[in-house]
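Structure first, commentary second.
Since the structure is predicted, the reported quantities are computational estimates derived from the model, not experimental observations. Note on naming: letters A, B, ... go to the chains in the order of the sequence lines (proteins, then strands), and numbering restarts at 1 for each one.
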2 protein chains.
Amino acid sequence: MMSPEILLRKHKLRNTGCRKDILKLFQQEKAALAHCDIEKRLSHHYDRVTIYRTLNTFLESGLIHKVLDHSGATKYALCGHECSDIKHRHEHVHFQCKQCHTTECLERLEIPAICLPEGYQAQEVNLLIEGLCPECRKKP
Amino acid sequence: MMSPEILLRKHKLRNTGCRKDILKLFQQEKAALAHCDIEKRLSHHYDRVTIYRTLNTFLESGLIHKVLDHSGATKYALCGHECSDIKHRHEHVHFQCKQCHTTECLERLEIPAICLPEGYQAQEVNLLIEGLCPECRKKP
DNA sequence: GTTTATGCAAATTCTTTGCAATACT
DNA sequence: AGTATTGCAAAGAATTTGCATAAAC
């Protein structure tokens, strides 16, 4: 996994504490994170506004992507290696647990080809599967 | 198509003006509607709060469902005939145009079966396809 | 007549903007 | 040194809550 410093440099972003810490957090967590998750889990305190701005910067540079969610919360996750400057792969499959509301990227899963009606042109495909995650299924 | 009155009765909801008008609107529009779309398009004026409450009531009774969206706006659409009291089919395919931001349900499309990793249990599957709709593709 | 929905006011939450101080290159 | 980022204050959306009035059953 690439270090936050190198990742930032690669995307032509300045190496600030907030950005490094948030990137590190994304790399540690396999689950998608909402603004409030990030705010809570960062050991150093950063202003709420700074976190919003950092997330938007990361979105624009293609470091992270929005993760679909029925709960209304905006969640984000790191873009995989597939998303380089050259080629962006935007076939995201996410799984959200209905019990613990954790959302994870299932990077290995491929979305099968879908036949759109005449006239439609697909550019991005996102699949959200909701159900029970392994941990919650074990619980009573 | 079932009349709003009968549809409401079927879901054990009171037949009020606001509910009937909003249901009628959903039946006319094939696209998914956000709160603000509904507020704008209703001929009779209802309080913003009443519209919020109506949408939540419809959600709880399974008359409508949330439509996934990357823009952050919460959109809703009527549940198809497949969603009866007995059997709920929650395989939603939606298409959102990147130009006009219209979202429509593609009810006819089936989502191909997906193999989840060990331990995961799927209950609902949602597919969001983004791209250009037929109308926007014609434009220059 | 009883229960439920509506409208209004106000509170909460989420997100963005402006600007001076600070940190990065 | 010059430019971009941060924190703070405040503004602006989106959504929820409480309560009295009005409408549905």
Side-chain angles (χ1 to χ4, degrees), chain A residues 3-25 32-76 101 103, chain B residues 3-26 32-61 63-76 101 103:
Chain A
S3 76
E5 287 81 0
I6 293 176
L7 209 49
L8 286 167
R9 188 114 322 129
K10 220 183 128 193
H11 287 261
K12 290 171 186 134
L13 297 174
R14 288 199 175 178
N15 253 295
T16 70
C18 180
R19 287 176 181 173
K20 284 188 277 186
D21 287 353
I22 293 186
L23 264 188
K24 218 175 291 170
L25 192 62
L33 298 169
H35 177 277
C36 61
D37 299 326
I38 295 168
E39 206 176 0
K40 273 183 237 152
R41 285 184 222 182
L42 285 175
S43 42
H44 183 290
H45 173 269
Y46 295 102
D47 194 85
R48 206 182 298 116
V49 175
T50 304
I51 300 175
Y52 275 115
R53 285 197 267 229
T54 304
L55 289 171
N56 285 331
T57 305
F58 285 179
L59 260 188
E60 282 165 27
S61 0
L63 264 164
I64 59 175
H65 62 268
K66 277 195 190 181
V67 174
L68 292 173
D69 188 313
H70 265 151
S71 77
T74 313
K75 293 189 170 184
Y76 306 87
H101 300 107
T103 309
Chain B
S3 77
E5 287 81 1
I6 293 175
L7 210 49
L8 286 168
R9 188 99 345 116
K10 219 183 128 192
H11 286 260
K12 289 172 187 133
L13 297 174
R14 289 198 176 180
N15 253 293
T16 70
C18 180
R19 287 176 180 173
K20 283 187 277 186
D21 287 353
I22 293 185
L23 265 189
K24 218 176 290 171
L25 191 62
F26 272 118
L33 298 169
H35 178 276
C36 61
D37 299 325
I38 295 169
E39 206 175 0
K40 274 183 237 152
R41 284 184 222 181
L42 285 175
S43 43
H44 184 289
H45 174 269
Y46 295 102
D47 194 86
R48 206 182 297 117
V49 176
T50 304
I51 299 175
Y52 275 115
R53 285 197 267 228
T54 304
L55 288 171
N56 284 331
T57 305
F58 285 179
L59 259 188
E60 282 165 27
S61 1
L63 263 165
I64 59 175
H65 61 268
K66 277 196 190 181
V67 173
L68 292 172
D69 188 314
H70 264 153
S71 78
T74 313
K75 293 187 173 187
Y76 306 87
H101 301 107
T103 310

Does any non-hydrogen side-chain atom of B:Phe58 lie less than 4.5 Å from one of B:Leu8? yes
Letter per nucleotide, 5' to 3', of nucleotides 16-25 of chain C [B base touched, S only sugar-phosphate touched, - untouched; heavy atoms, 4.0 Å]: BBB----BBS
Would you grab the first and last nucleotide of DNA chain D (5' to 3') that comes under 4.0 Å of any non-hydrogen atom in chain B? D:dA14 to D:dC25
Tell me: CG of B:Asp21 to P of C:dA5, nearest whole Å? 16 Å
Is the backbone of B:Leu63 close enough, under 3.5 Å, to the side chain of B:Ser61 for a donor and an acceptor to pair up by distance? no
What distance do A:Leu55 atom CG and A:Lys66 atom NZ have between them, rounded to the nearest 0.5 Å? 10.5 Å
Touch class at under 4.0 angstrom, heavy-atom based, for B:Thr57 against every strand present: nothing
Residue pair B:His35 / B:Thr74, side-chain heavy-atom distance below 4.5 Å: no
Given that A:Asp47 and B:His35 both sit by DNA chain D, which one's nearest nucleotide is further toward the 5' end? A:Asp47
Beyond-backbone contact of B:Tyr76 with B:His65, side-chain heavy atoms, under 4.5 angstrom: no
Across the strands shown, which category fits A:Cys18 at heavy-atom distances under 4.0 angstrom: base, sugar-phosphate, nothing? sugar-phosphate
Side-chain (B:Lys75) to main-chain (B:Val67) donor-acceptor, under 3.5 angstrom: no
What bend angle does the helix from C:dG1-D:dC25 to C:dT25-D:dA1 show across its length, from five-pair end axes and to the nearest 10 degrees? 40°
How many angstroms lie between OG1 in B:Thr54 and NZ in B:Lys20, if you round to the nearest 0.5 Å? 13.0 Å
Between A:Leu33 and A:Ile38 the two heavy atoms that sit nearest each other are CB-CG1, 3.9 Å
Specify the closest pair of heavy atoms between B:Thr50 and B:Cys18, including all atoms of both residues, with the distance to one decimal. CG2-SG, 3.7 Å
